[in-house]
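Predicted model only: the values in this text are computed from it and were never measured. Lettering of chains follows the sequences in order, A, B, ..., and the numbering in each one begins at 1.
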Number of protein chains: 2
Amino acid sequence: MSEPRWLDAAQQRDWRAYIEGSVRLADLLDRDLKAKHGLATAEYEILVRLSEAPDRRLRMAELAEYASQSRSRLSHTVARLECKGFVARGTCGADKRGVNAELTEKGFAFLEQAARDHVATVREFFVDVIDPEDLEAIGRAFSAVAEQVGKVR
Amino acid sequence: MSEPRWLDAAQQRDWRAYIEGSVRLADLLDRDLKAKHGLATAEYEILVRLSEAPDRRLRMAELAEYASQSRSRLSHTVARLECKGFVARGTCGADKRGVNAELTEKGFAFLEQAARDHVATVREFFVDVIDPEDLEAIGRAFSAVAEQVGKVR
DNA sequence: ACAGAGTGATTGAATTTTCAACAAGAATCC
DNA sequence: GGATTCTTGTTGAAAATTCAATCACTCTGT
């Protein structure tokens, strides 16, 4: 157990390819979104999650979970989005500690535009350059990874 | 062309699984490395690249390329690593503008320790939870992604 | 040789993210 | 009921990253 099992050559190759590809892709998507719509990926992600929630509204803790962000980070980020008028915060009836974040009309309209471009870019640099079977493999693999990571947290 | 081609249900599922899984994994690896060795992934990555270079030394621009970081970011990061005594900067003979970053003995010794733990964690949360064939698919896919991203940059 | 354009690396300020408290409300236990 | 503990969300300072400007050097063309 204390003896480290190194990765074999193929595993190492695949792992590195993943690291490099994913970092570059994330970088590109971020720049693309920022250049075209002035939004960071993390902010975009928040709008997406809200747009899919019932009443386009979620409690901060849930939103943090869905967007894979820390609560602290979410607080700051939502504050910024609130300044831009894309999100509004309101108190949550049942639990007086709770805060609801809600996507505004303006935020929704904005998201519709941004999502088009974003999807096109995701296609161009991810979906369309990957063999469909490999894409399925990625779905399977990263679901397993997310689950495994979830166990420990 | 201006008509957006949305992702079909399966593509969307796979893309989202990837986003969630990769963000959580990156997060976990970062925390793990920071907790056990006080280093961020980006810093670790730099040490790795240096350790593999001839004479454990690389010019800043090359290092930036290998580590998928901007030059500015690299300057700051290397400055930090230099403070810790893991990296030393020296001028580059041929081109007087150039700067070589070199892994120190201390940096190398440190890396040996950190790499063990890191590989173990990568195994536990990535390699070992993924079907070997799916891992190969990931390697293929992200190589293609990296190439595609490289075309435009 | 030399002006102009391009490259390599750094810097400091602005922005973003993390980290460590903190405050207020809910839940638990006796 | 009241003390204790846990959860939710925010805050400000510290750390990291991005952005724009800058400086020094090299290359190119004439």
- Segment of DNA chain D, first to last nucleotide, that comes within the 4.0 Å heavy-atom reach of chain A: D:dT7 to D:dC19
- Residues of residues 88-104 of chain B with a heavy atom under 4.0 Å from any atom of DNA chain C, listed by number, are B:Arg89, B:Arg97, B:Gly98, B:Val99
- Query: Looking at side-chain heavy atoms only, is the closest gap between B:Glu20 and B:Arg16 below 4.5 Å?
  - Reply: no
- Item | Positions of residues 44-63 of chain A (non-hydrogen atom under 4.0 Å from DNA chain D), listed by number | A:Arg59, A:Met60, A:Ala61
- Message: My understanding is that only residues two or more places apart in sequence, or in another chain, count here; which of them pass side chain to side chain contact (heavy atoms under 4.5 Å, CB included) with A:Arg57?
- Response: A:Asp55, A:Asn100, A:Glu102
- Would you sort out whether A:Glu124 and B:Lys151 count as a salt bridge (charged side-chain N to carboxylate O under 4.0 Å, His left out), showing the intermediate values? CA-CA 12 Å; A:Glu124 185 178 356; B:Lys151 279 183 191 167; over 6 Å; no
- Item | B:Lys84 atom NZ: more than 12 heavy-atom contacts under 6.0 Å | yes
- All side chain to side chain contact (heavy atoms under 4.5 Å, CB included) counterparts of B:Glu62, not counting sequence neighbours: B:Leu58, B:Arg59, B:Tyr66
- Message: Using only atom types and a distance under 3.5 Å, with no angle test, would you say the side chain of B:Gln12 pairs donor to acceptor with the backbone of B:Ala9?
- Response: no
- Message: Quick one, B:Leu81 and B:Leu39 - any side-chain contact, counting heavy atoms below 4.5 Å?
- Response: yes
- Message: Please identify the 5'-most and 3'-most nucleotides of DNA chain C with any atom under 4.0 angstrom from a heavy atom of chain B.
- Response: C:dG6 to C:dC19
- Message: Count I, L, V, M, F, W, Y as connected when their side-chain heavy atoms are under 4.5 Å apart, and connections chain through other members. Are A:Ile19 and B:Leu111 then in the same cluster?
- Response: no
- Task: Look only at the side chain of B:Glu82 and the backbone of B:Arg89, and say whether a donor-acceptor pair between them is shorter than 3.5 Å.
- Result: yes
- Item | Terminal axis angle for the helix from C:dA1-D:dT30 to C:dC30-D:dG1, five pairs an end, nearest 10 degrees | 30°
- Query: Which residues satisfy the side chain to side chain contact (heavy atoms under 4.5 Å, CB included) test with B:Thr104, sequence neighbours excluded?
  - Reply: B:Ala88, B:Lys106
- Message: Counting only heavy atoms and a strict 4.0 angstrom limit, can you tell me which residues of residues 79-87 of chain B come near DNA chain C?
- Response: none
- Give a yes or no on whether B:Lys36 atom NZ has more than 12 heavy-atom contacts from other residues, nucleotides or ligands under 6.0 Å away. yes
- Separation of A:Glu65 CD from A:Ser70 OG (nearest 0.5 Å): 12.0 Å
- Query: Can you list, by residue number, the residues of residues 69-78 of chain B that have a non-hydrogen atom closer than 4.0 angstrom to DNA chain C?
  - Reply: B:Arg71, B:Ser72, B:Ser75, B:His76
- Can you tell me if B:Asp30 uses its side chain to pair, donor with acceptor, with the backbone of B:Thr41 under 3.5 Å? yes
- Query: With A:Val87, which of A:Leu47, A:Leu63, A:Thr77 fulfils side chain to side chain contact (heavy atoms under 4.5 Å, CB included)?
  - Reply: A:Leu47
For residues 134-142 of chain A, which side-chain donor-acceptor pairs fall under 3.5 Å, sequence neighbours excluded?
unit_1   : atom_1 : unit_2   : atom_2 : d
A:Asp134 : OD1    : B:Arg140 : NH2    : 2.8
A:Asp134 : OD2    : B:Arg140 : NE     : 2.9
A:Arg140 : NE     : B:Asp134 : OD2    : 2.9
A:Arg140 : NH2    : B:Asp134 : OD1    : 2.9

- Query: Shared ILVMFWY cluster between A:Tyr18 and B:Val119, side chains joined below 4.5 angstrom?
  - Reply: yes
- Note on the structure: So ring-ring contact (aromatic ring centres under 6.0 Å, His included) across residues 21-43 of chain B, not counting sequence neighbours, yields B:His37-B:Phe110
- Query: So, A:Arg24 versus B:Ser68: side-chain donor-acceptor pair below 3.5 Å or not?
  - Reply: yes
- Message: Measuring from atom CD of B:Glu52 to atom CG of B:Leu103, what distance do you get when rounded to the nearest 0.5 angstrom?
- Response: 10.5 Å
- Query: Should B:Leu33 and B:Val23 be regarded as members of a common hydrophobic cluster, given that ILVMFWY residues are connected when their side-chain heavy atoms come within less than 4.5 Å of each other, either directly or indirectly?
  - Reply: no
